[in-house]
Amino acid sequence: MKSITSFSKKLFIFFINPIIVKELRSRMRGARAFITLTSVLIVMAIISYGLYKLVIISSAWSYTPLSPQIGQTLFTSIAVFEILMICLVTPAVTAGAISSEHEKLTYEMLITTPLKPTQILWGKLVSALGYIFLLVFAAIPMASLVFIYGGVAPRDMLKALIVLLSTAVMLGTIGIFMSTWLKRSGRATIASYLIVLALLGAPTVVYGIIGVIRQAEPPRWILVPSPINALFSAIAPSTSLGNSAMSMIGSLGMLLGGNIGTMISADSIPRPLYHYTLPLYGFVTLVLY
């Protein structure tokens, strides 16, 4: 009985340690966190309303039912906005997690506490990602409006959410790693953002260049590291707008999802990119952690 009690106590301290409580209180105590959250939701609402009006206007030249067009367009825009928001905010809230302790001359005091290095690292990571998850989950009520119009399956929304959360964890771990390694918040932030920009743009650019040079479909594995390509491969069923005026979104989604020119037969159905991206992100997270 004592061993079970001791194990549960250690487990509780590991997941809910003083670092998490302190960091979350300090992060949510001021008005900055709530202003950022409100601003993100307002920008998302404005973009969604603008696309809503655009779909209605463009429906005059389309024979596709209007309601699925609206649902798929809103879902795609919200998902893309969320992944870009994660890529923009995550390095900013994680790159200074450890380096700020060096800069404030509190690092020695921190390591003399009874907390183990694993608990300190876990507390810093969870507290930083907690705010990112709050930004992601705060958009769920707005995203649920998509079901009113249809065209999007709950499974597609769940897959998009998994990609978003996996990307946040991986980028958060990269930020913590850079903060620990470089010991300066400025350097760690710049390095983290350079990695994010490389992940977002480099695979697609290389994919396009190879396609132009070879005049053929490039290898799909080039797109695997990119979070934006993984997201489009996960929501691919919800970006097929048929012959609507907004079908360019579906074409862009197929291109970024690595589905242009892919041969599909009864014996060979290629796996979506995110099936490879998620294990890669998990491996990178474990190694850097």
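What you are looking at is a predicted structure, and each value in this text was computed from that prediction instead of being measured.
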Nearest 0.5 angstrom please: [X] [atom1] to [Y] [atom2], how far?
| X | Y | atom1 | atom2 | result |
| --- | --- | --- | --- | --- |
| L125 | I20 | CG | CD1 | 9.0 Å |
| I195 | L197 | CD1 | CG | 10.5 Å |
| L182 | I190 | CG | CD1 | 10.0 Å |
| L199 | M170 | CG | CE | 5.0 Å |
| L37 | I42 | CG | CD1 | 10.0 Å |
| T204 | I228 | OG1 | CD1 | 8.5 Å |

Please tell me if the side chains of [X] and [Y] come closer than 4.5 Å, counting only heavy atoms from C-beta onward.
| X | Y | value |
| --- | --- | --- |
| L194 | M178 | no |
| K159 | I235 | no |
| I176 | Y289 | no |

Tell me, please, which residues at least two apart from S226 pass side-chain hydrogen bond (donor to acceptor under 3.5 Å, both in side chains). N229
Taking [X] for the side chain and [Y] for the main chain, is one N or O donor matched with an acceptor at less than 3.5 Å?
| X | Y | answer |
| --- | --- | --- |
| S144 | P141 | yes |
| S179 | I98 | yes |
| T76 | T73 | no |
| S166 | V163 | no |
| S77 | L74 | yes |

Does I210 belong to the same Ile/Leu/Val/Met/Phe/Trp/Tyr cluster as V205, with side-chain heavy atoms less than 4.5 Å apart forming each link?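 No, separate clusters.
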Hey, any chance I209 and Y207 share a hydrophobic cluster, counting ILVMFWY side chains that come within less than 4.5 Å of each other, even indirectly? no
Side-chain donor/acceptor pairs under 3.5 Å, residues 83-97, sequence neighbours excluded:
residue, atom, partner, partner atom, Å
T90, OG1, I86, O, 2.7
T94, OG1, T90, O, 2.8

Which side-chain N or O atoms in residues 49-56 pair as donor and acceptor under 3.5 Å with protein atoms at least two apart or in another chain?
none

Taking all non-hydrogen atoms of both residues into account, name the closest pair between [X] and [Y] and its distance.
| X | Y | result |
| --- | --- | --- |
| L223 | P203 | CD2-O, 3.7 Å |
| L145 | Y149 | O-CD1, 3.6 Å |
| F147 | A153 | CE2-C, 4.2 Å |
| F81 | V43 | CE1-CG1, 3.7 Å |
| A143 | I78 | CA-CD1, 3.9 Å |

What pairs of residues pass the side-chain hydrogen bond (donor to acceptor under 3.5 Å, both in side chains) test when at least one of them lies in residues 185-199, not counting sequence neighbours? S99-S185, E103-S185
Which side-chain N or O atoms in residues 129-140 pair as donor and acceptor under 3.5 Å with protein atoms at least two apart or in another chain?
residue, atom, partner, partner atom, Å
Y131, OH, A33, O, 2.8

Residues 276-287, side-chain donor-acceptor partners within the protein, below 3.5 Å, at least two apart:
residue, atom, partner, partner atom, Å
T277, OG1, V224, O, 2.7
T277, OG1, L273, O, 3.1
Y281, OH, P225, O, 2.8
T285, OG1, Y281, O, 2.8

